[in-house]
Participant: 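First, the structure itself, so that you have it in front of you.
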Amino acid sequence: MHLGQEITPNTFLQYTELKRIFIRNYYDCAPNRRVMEYPEFPNSEEYTPIQEILQGKAKDSVRIRGWIYRTRSSGKLAFVVVRDSTGIIQCTVSREKVEETDFANARKALIESSILLEGEPVKDDRAPGGWEIRASKFEVFHFAETFPITKDQSDEHLLNNRHLWLRSRNMVAALKIRSTVFKAFRDYWTELDFTEIQSPSFTTSACEGGSTLFNVSIDDENEKSGQKFYAHLSQSWQLYAEATMFGLENIFTLAPSFRAEKSRTRRHLTEFWHAEVESAWLHNHQMMNLEEGMIMHIISSVLSKNRAELEFLGRDISVLENIKAPFDKMKYEEVLDKLNSMGFDLVWGDDFGYKEEKALTQDLKTPLYITNFPKEKGFYHRPDPSDPKSLVCHDLLAPEGYGEIIGGGERVWSPDELVERIREEGLDPESYGWYLDIRKFGSVPHSGFGLGIDRTVSWLCGSDHIKHVIPFPRTMRRTTP
RNA sequence: GCCGCUGUAGCUCAGUAGGUCAGAGCAUCCGGCUGUUAACCGGACGGUCAUCGGUUCGAAUCCGAUCAGCGGCGCCA
């Protein structure tokens, strides 16, 4: 078989052979295995990540590829700062040391042009980063048009050009940290033998506040054929998790959730990434302990992998280093007293708004658990037998004013009690169908929680807005780019 | 659902007691500079002042509506 050969319905052998050829030609950079089909594809030579050069690990002569980050020139010397995914480095292109066309191109190429460059890495204090490359060859792979983002930036302009702003060092740093958080979450629960499962995004459950649901339907064409489709977008895997739990006992998910709230704040998105866990036979305080371990694991992962990114974002790393478990725990009632002693005027049943959360957390060094919220907070949480006006549940508030990142608790597991709670909330048990059904066949105590991943990343990055830590933020007023 | 704000050149903005008010810096283009740090010097290009309507002799400026976006509250993760 060879590349370009028509692919017929393949046997497994044919497929693996194709794959082998593909890998050899495109991804294997060993000197005796060169690209044959597409010689212009800049993958046949060895290229050095910029980070390695900045660390002084490079050889006498290096070859890099990347994008022009900044550029300025005089008649005989051009300074071209090049970035790749690992860093930026200044390259000097001297008229005397390269081909005439290379020098002309170096002067001409605009910001974000993609380039290939060969030269000698030199330690030089005049260069940002302490190292620069003295070019012997400068090749433009693609001349960029004028880049719309310049030094004058506004939030709105950066959001309108998010597809381009993703190249910025800020976004790159935040997204690397985000990736670490996702991985740390998965690793932690996988290590504890929890099973990752997926729940649907299309739902018809009426179980959550209807005012914040997105409706999904399709256009007329299918109506003609008599088909109809109508659903909501999921706000949480919660109900599905409780069903799935009976087979797997300990489960988690990582998925988007959708809230049609018209929230316009630094901690809200209409589409956010929801990390959720549900576990059979587990009590609230046990789940809280596991969550604490998870948060600590996430923090230590970020500290060990993303120090450079945290520094670039201007994060005070010592704040993260000083976070210690166990976290403080307060009952809702105690928090009420504390807030009132700080000048608030709250009575039992009042919610903590952002002002209250901020007052509570802005001077904290570690996250804070609040437990035993009033019964009105949710019908699916279990009332505390020792204090029936409150629930066996908890929120976790991030310090430094970031506020709630986790909400969770022990679920009502008795079918009769659940029906009673639903009625107390003025809801109709009839509309809960299968959710009540799953309680009828060997119900067990269980606990779970939801973690706002984007909020967590925002806190760890020290970001002033949640939209800075997700590639394409979605709000009620923005679905493009 | 509630409160507030913005819209003038590609970008960031100045300009309103209504009358040389179409302006600056950056970007781009042309020219100059051998060490710049989103450099510097000279020149050029660039706008129906968001849209529609009203008031007026005259509107970027005053009024109304519409559109788009931003910040915050409530709610939540």
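Convention: sequence-line order gives letters A, B, ...; per-chain numbering from 1.
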Participant: Let me spell it out: for each of A:T92 and A:F147, pick the nucleotide of RNA chain B with the closest heavy atom. Which residue's pick is nearer the 5' end?
Facilitator: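 Its nucleotide being nearer the 5' end, the pick is A:F147.
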Participant: Without decimals, in angstroms, what is the distance between A:H157 NE2 and B:rA9 P?
Facilitator: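 Value for this atom pair: 12 Å.
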Participant: When rounded to the nearest Å, what value does the distance between P atoms of B:rA60 and B:rG7 take?
Facilitator: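 Between the two P atoms, the distance is 15 Å.
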Participant: Roughly how many Å apart are B:rG54 and B:rU16, using the P atom of each and rounding to a whole number?
Facilitator: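 Their P atoms lie roughly 27 Å apart.
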Participant: Quick check on A:K305: does its NZ atom have over 12 non-hydrogen neighbours (other residues, nucleotides or ligands) under 6.0 Å away?
Facilitator: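 Count over threshold, so yes.
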Participant: How long is the line joining CG of A:D155 and C1' of B:rG72, in whole Å?
Facilitator: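 It works out to 14 Å between those atoms.
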Participant: Taking atom types as they are modelled, would you say the side chain of A:D152 forms a donor-acceptor pair with the base of B:rG25 within the 3.5 Å cutoff?
Facilitator: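 Under the 3.5 Å cut-off, the side chain and the base do form a donor-acceptor pair.
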Participant: Paired with B:rA65 by Watson-Crick or G-U wobble geometry, both distances under 3.5 Å: which nucleotide is it?
Facilitator: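 Across all strands, the one nucleotide that pairs with B:rA65 is B:rU51.
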Participant: Rounded off to whole Å, could you give me the CG-to-C1' distance for the A:N161 and B:rC70 pair?
Facilitator: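 Taking atom C1' of B:rC70 as the reference, CG of A:N161 is at 16 Å.
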Participant: If you compare every side-chain N and O of A:R478 against the phosphate oxygens of B:rC70 (OP1, OP2), does one of them come in below 4.0 Å?
Facilitator: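 For B:rC70, OP1 or OP2 has a side-chain N or O of A:R478 closer than 4.0 Å.
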Participant: Side-chain N or O of A:R72 versus OP1/OP2 of B:rA39: is the shortest distance under 4.0 Å?
Facilitator: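 Yes, such a contact exists.
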Participant: Does A:K467 place a side-chain N or O at less than 4.0 Å from the phosphate oxygens OP1/OP2 of B:rG71?
Facilitator: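 Yes, within the criterion.
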Participant: If B:rG4 has a Watson-Crick or G-U wobble mate with both distances under 3.5 Å, name it; if not, just say none.
Facilitator: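 Across all strands, the one nucleotide that pairs with B:rG4 is B:rC70.
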Participant: At less than 4.0 Å, is any side-chain N or O atom of A:R264 found next to OP1 or OP2 of B:rG71? Yes or no.
Facilitator: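 Affirmative; the distance criterion is met.
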Participant: Any base atoms under 4.0 Å from A:S73, or only sugar-phosphate, or nothing? Heavy atoms, all strands.
Facilitator: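 Base, at least one base atom sits under 4.0 Å.
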Participant: I need the OH-C1' distance between A:Y354 and B:rC3, as an integer number of Å.
Facilitator: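 From A:Y354 OH to B:rC3 C1': 18 Å.
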Participant: Look at A:T146 and B:rG10 and indicate whether a side-chain polar atom (N or O) is within less than 4.0 Å of OP1 or OP2.
Facilitator: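 It does not, given that no N or O in the side chain of A:T146 lies less than 4.0 Å from OP1 or OP2 of B:rG10.
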Participant: Report yes if a donor N or O on one partner sits less than 3.5 Å from an acceptor N or O on the other, where the partners are the side chain of A:H268 and the base of B:rC76; otherwise report no.
Facilitator: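 Yes.
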Participant: With the criterion set at under 5.5 Å between ring centres and under 30 degrees between planes, would B:rA77 be stacked on A:F272?
Facilitator: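 So yes, this residue stacks on that base, both cut-offs being met.
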Participant: Quantified in whole Å, what is the P atom distance between nucleotide B:rU12 and nucleotide B:rA65?
Facilitator: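 Straight-line distance between the two P atoms is 27 Å.
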Participant: Strictly by Watson-Crick or wobble contacts shorter than 3.5 Å, is anything paired with B:rA14, and which nucleotide is it?
Facilitator: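 Across any shown strand, B:rA14 pairs with none.
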Participant: Hey, does the side chain of A:K151 come within less than 4.0 Å of B:rC26's phosphate (OP1/OP2), counting only N and O?
Facilitator: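 Answer no for this pair, as no side-chain N or O of A:K151 is under 4.0 Å from OP1 or OP2.
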Participant: OP1, OP2 of B:rC73 versus side-chain N and O of A:R267: anything below 4.0 Å?
Facilitator: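 Indeed, a polar side-chain atom of A:R267 lies that close.
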Participant: Between B:rG23 and B:rC49, how far is it from one P atom to the other, in whole Å?
Facilitator: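 These two P atoms come out 14 Å apart once rounded.
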Participant: Grab the CG-P distance between A:L164 and B:rA27 for me, whole Å please.
Facilitator: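 My rounded result for the distance is 19 Å.
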Participant: Given B:rU34, B:rC73, B:rG35, identify the nucleotide with an atom nearest to the side chain of A:D124.
Facilitator: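 Of all the options, the side chain of A:D124 is nearest to B:rG35.
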Participant: Between atom CZ in A:F79 and atom P in B:rC40, what is the gap in whole Å?
Facilitator: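 Taking CZ of A:F79 and P of B:rC40, I get 14 Å after rounding.
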Participant: Please name the nucleotide paired to B:rU28 by Watson-Crick or G-U wobble geometry with both distances under 3.5 Å, or report none.
Facilitator: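 B:rU28 is paired, partner B:rA44.
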Participant: Find the distance A:R474:CZ to B:rG69:P and express it as a whole number of Å.
Facilitator: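 So the CZ-P distance, A:R474 to B:rG69, works out to 12 Å.
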Participant: Going by modelled atom types, is there a donor-acceptor pair between the base of B:rG35 and the side chain of A:E132 at under 3.5 Å?
Facilitator: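 In this structure, the two groups form a donor-acceptor pair.
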Participant: Is there, by distance only and without an angle test, a donor paired with an acceptor across the side chain of A:Q153 and the base of B:rU12 below 3.5 Å?
Facilitator: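 Per atom types, no contact qualifies.
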Participant: Side chain of A:T150 only, heavy atoms from C-beta on: which candidate in B:rC70, B:rA27, B:rG35 is closest?
Facilitator: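 When the side chain of A:T150 is considered, B:rA27 is the closest of B:rC70, B:rA27, B:rG35.
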Participant: With a 4.0 Å cut-off, would you call A:E292 and A:K329 a salt bridge?
Facilitator: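 Yes, A:E292 and A:K329 are salt-bridged.
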Participant: Do we get A:R126 above A:F79's six-membered ring, with its NZ or CZ under 6.0 Å from the centre and within 45° of the axis?
Facilitator: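 Not flagged: A:R126 not positioned over aromatic ring of A:F79.
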Participant: Distance between the P atoms of B:rU56 and B:rU61, in whole angstroms?
Facilitator: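 To the nearest whole Å, 16 Å.
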Participant: Please state whether the phosphate of B:rG71, meaning OP1 or OP2, lies under 4.0 angstrom from any side-chain nitrogen or oxygen of A:H465.
Facilitator: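 Yes, within the criterion.
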Participant: Among B:rA38, B:rC76, B:rC29, which is the nearest nucleotide to the side chain of A:R70?
Facilitator: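 Of B:rA38, B:rC76, B:rC29, B:rA38 is nearest to the side chain of A:R70.
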Participant: Can you name the side chain to side chain contact (heavy atoms under 4.5 Å, CB included) partners of A:H394, sequence neighbours left out?
Facilitator: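 Scan of A:H394 (side chain to side chain contact (heavy atoms under 4.5 Å, CB included), adjacent residues dropped) gives A:N284, A:M288, A:E291, A:Y369, A:T371, A:I406, A:F449.
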Participant: Applying side chain to side chain donor-acceptor pair (under 3.5 Å) to A:N372 and A:D387, what does each step give before you reach the verdict?
Facilitator: CA-CA 8 Å; A:N372 293 82; A:D387 179 17; 4.5 Å; no
Participant: Scan side-chain atoms only and decide if A:E276 and A:S236 contain a donor-acceptor pair under the 3.5 Å cut-off.
Facilitator: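 A donor-acceptor contact under 3.5 Å links the two side chains.
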Participant: Check the distance between B:rG74's P and A:F352's CZ and give it to me in whole angstrom.
Facilitator: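 That distance rounds to 13 Å.
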Participant: Roughly how many Å apart are B:rC75 and B:rG1, using the C1' atom of each and rounding to a whole number?
Facilitator: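 Nearest-Å result for B:rG1 against B:rC75 at atom C1': 11 Å.
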Participant: Does the distance from a Lys or Arg side-chain N to an Asp or Glu carboxylate O, for A:E400 and A:R315, drop under 4.0 Å?
Facilitator: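 Result for this pair is yes, salt bridge flagged.
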Participant: Do A:S263 side-chain and B:rC75 base share a donor-acceptor contact under 3.5 Å?
Facilitator: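 Check passes, donor-acceptor contact within cut-off.
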Participant: With P as the reference atom in both, quote the distance from B:rU8 to B:rG69 in angstrom, rounded to an integer.
Facilitator: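 To the nearest whole Å, 15 Å.
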Participant: For the pair A:R83 and A:E112, find out whether any cationic side-chain nitrogen is under 4.0 Å from an anionic carboxylate oxygen.
Facilitator: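 Looking at A:R83 and A:E112, the cut-off is met.
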Participant: Taking B:rC45 as the reference, what is the distance to B:rU36 when you measure between their P atoms (whole Å, please)?
Facilitator: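 Taking atom P in both B:rU36 and B:rC45, they lie 32 Å apart.
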Participant: Both A:D454 and A:L77 contact RNA chain B. Taking the nearest nucleotide for each, which residue is further toward the 5' end?
Facilitator: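 The 5'-side residue here is A:L77.
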